[in-house]
Trainee: 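Please read through the structure below; I'll follow up with questions.
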Protein chains: 2
Amino acid sequence: MPKVGMEPVRRKALVDAAMRVIGDHGSLTVTMSEIAKQAGVSPALAHHYFGSKEQLLIETVRVHLQRLRDSVVTALRAAKTPREKLSAVIRVSFQADQFAPETIAAWLAFYAEAQSSEETRRFLVIYARRLHSNLVANLKALCRAGDAERIAEGAAAMIDGLYIRQSLRSAPISTEASIALTEDYLTTCLNALED
Amino acid sequence: MPKVGMEPVRRKALVDAAMRVIGDHGSLTVTMSEIAKQAGVSPALAHHYFGSKEQLLIETVRVHLQRLRDSVVTALRAAKTPREKLSAVIRVSFQADQFAPETIAAWLAFYAEAQSSEETRRFLVIYARRLHSNLVANLKALCRAGDAERIAEGAAAMIDGLYIRQSLRSAPISTEASIALTEDYLTTCLNALED
DNA sequence: TTTTATTGATTGATCAGTCAATCAAAAATA
DNA sequence: TATTTTTGATTGACTGATCAATCAATAAAA
């Protein structure tokens with residue numbers, strides 16, 4: 001079996017497996033055995049490639065955020081006007097794979113982990129800043145800087161809040177309803193400023 | 001040392017200790033030893049009174065939510081008009097002890113735990129429902145039922161979102177700013193309906 | 001004496017991490 | 001081409017640490 005060049009394949013498989021296990025489990029207290037089993041390799045191999053469980057989990061967060069970032073970049077490129085770009089950011093935040101229960105569970109676990117892992121915290125701060133600055137940049141084309149900051153804070157909080165409420169799976173809100181609610185917030189705020 | 005009637009004293013001490021340890025630690029992966037030590041008793045005693053770690057943690061969530069509930073009830077009683085009651089609900093959500101970093105860390109840990117503990121999930125669902133219905137009930141006095149539902153969803157999401165963003169401790173938002181942002185959301189939404 | 005409070009010592013399970021050994025492809029050499 | 005050597009991939013078995021949970025023993029009140 002042993003072919004050369006397995007490293008990237010295994011690393012990806014293990015990171016994907018970690019995401020799945022974390023999502024199912026709904027927590028970062030997962031074992032290397034579970035992850036390795038899910039990836040179809042031995043626990044020892046996971047250690048061989050990642051050195052430690054912590055490193056594997058950190059890499060998992062990193063990859064996850066990278067993918068989200070890519071989606072955002074793509075969506076922003078497709079949108080023309082500032083208003084369209086705002087909608088694009090919102091839409092990506094709630095797109096199917098992001099809003100799936102397992103993904104939400106994983107996000108929540110990452111946020112909790114950030115309390116004790118400085119590196120995880122750093123990644124999430126970067127995500128939060130990026131979301132914020134994407135919103136502010138486009139809002140500034142539509143209103144004054146001060147208002148843009150305030151509205152962006154509100155919109156970002158609403159997006160994150162819709163996530164966390166979704167995680168409880170009580171009275172789940174549909175993707176469309178979540179998008180509508182956030183869009184509505186933006187529209188209402190912007191309209192209010194024009195009067 | 002052994003006096004009679006220590007049970008309620010110890011239970012309270014252990015639950016308080018659990019809150020503190022969870023808050024410091026920023027996660028529910030705390031040991032019975034840590035909690036017991038913080039409460040100044042032996043780990044064995046914690047087991048004696050709670051039977052298991054899980055039960056102690058569940059009781060901790062319960063007590064925590066109970067306290068929040070009490071604050072809300074008190075604040076609601078003091079407020080007269082529906083609009084004042086809405087402000088009261090918002091104010092309590094962000095009041096000093098609720099918005100302290102350790103408290104937020106604990107909340108986050110509870111949300112994460114809810115993914116795997118049915119009982120924890122149930123408690124948090126009750127909290128979410130209560131927040132929602134408090135908002136809806138008072139909004140209905142100010143606008144139509146459909147709008148009340150929608151605005152309540154948005155406000156609740158914004159409150160939770162401000163919490164989770166606070167947990168990252170990057171660009172922390174002050175209590176006053178958080179209250180202002182949520183108040184502003186309500187006011188803007190209600191004004192928009194009147195036009 | 002009986003009951004309640006309390007603990008130290010212990011057990012059993014779980015896991016992260018290590019290590020020596022194996023296997024097969026690739027590279028070097030004859 | 002055939003043979004040997006090297007190297008990457010992989011694992012089973014093991015270790016050490018941690019921790020929840022148990023229990024028998026002790027001490028003080030009732």
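Proteins get letters first, then strands, A, B, ... in listed order; numbering begins at 1 in each.
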Trainee: Could you tell me the separation between the CD atom of A/Glu34 and the P atom of C/dT14, rounded to a whole number of Å?
Mentor: 12 Å
Trainee: Quick check against the 3.5 Å criterion: does B/Thr60 have a side-chain atom that pairs as donor or acceptor with the backbone of B/Leu56?
Mentor: yes
Trainee: If you measure from the Lys or Arg side-chain nitrogens to the Asp or Glu carboxylate oxygens, is any gap between A/Arg83 and A/Glu183 under 4.0 Å?
Mentor: yes
Trainee: For B/Arg69, is the CZ atom crowded, meaning more than 12 foreign heavy atoms sit under 6.0 Å from it?
Mentor: no
Trainee: Taking only the side-chain heavy atoms of A/Thr31 (C-beta and beyond), determine which of C/dC15, D/dA9, D/dA20 contains the nearest atom.
Mentor: C/dC15
Trainee: Between B/Trp107 and B/Phe99, does the ring centroid distance fall short of 6.0 Å?
Mentor: no
Trainee: Give one of base, sugar-phosphate or nothing for B/Val30, where a contact means two heavy atoms less than 4.0 Å apart.
Mentor: sugar-phosphate
Trainee: Quick one: B/Ile58 CD1 to D/dA20 C1', roughly how many Å, whole number?
Mentor: 15 Å
Trainee: Specify the separation, in whole Å, of atom CE of B/Met6 and atom C1' of D/dA27.
Mentor: 14 Å
Trainee: Could you check how far CZ of B/Arg11 sits from C1' of C/dA5, rounded to whole Å?
Mentor: 14 Å
Trainee: Just to confirm, is there a sub-4.0 Å distance from OP1 or OP2 of D/dT10 to any side-chain nitrogen or oxygen of A/Arg10?
Mentor: yes
Trainee: What residue pairs, at least two apart or across chains, pass side-chain hydrogen bond (donor to acceptor under 3.5 Å, both in side chains) with a residue in residues 18-28 of chain B?
Mentor: B/Arg20-B/Gln38, B/Ser27-B/Thr29
Trainee: Mind calculating the distance between CG (A/Leu14) and C1' (C/dA16) to the nearest angstrom?
Mentor: 15 Å
Trainee: Between B/Arg62 and B/Glu59, does any NZ, NE, NH1 or NH2 come within less than 4.0 Å of an OD or OE carboxylate oxygen?
Mentor: yes
Trainee: Please list, in numerical order, the residues of residues 40-54 of chain B that have a heavy atom closer than 4.0 Å to any atom of DNA chain D.
Mentor: B/Ala44, B/His47, B/Ser52, B/Lys53
Trainee: Would you kindly confirm whether A/Leu135 and A/Leu193 end up in one hydrophobic cluster when ILVMFWY residues are joined by side chain heavy atoms under 4.5 Å apart?
Mentor: yes
Trainee: To the nearest Å, how far apart are A/Lys12 NZ and D/dA9 P?
Mentor: 18 Å
Trainee: Within this structure, what is the NE2-to-C1' distance between B/His25 and D/dT18, rounded to whole angstrom?
Mentor: 12 Å
Trainee: Could you state the CD-P distance from B/Gln55 to D/dA20, rounded to the nearest angstrom?
Mentor: 15 Å
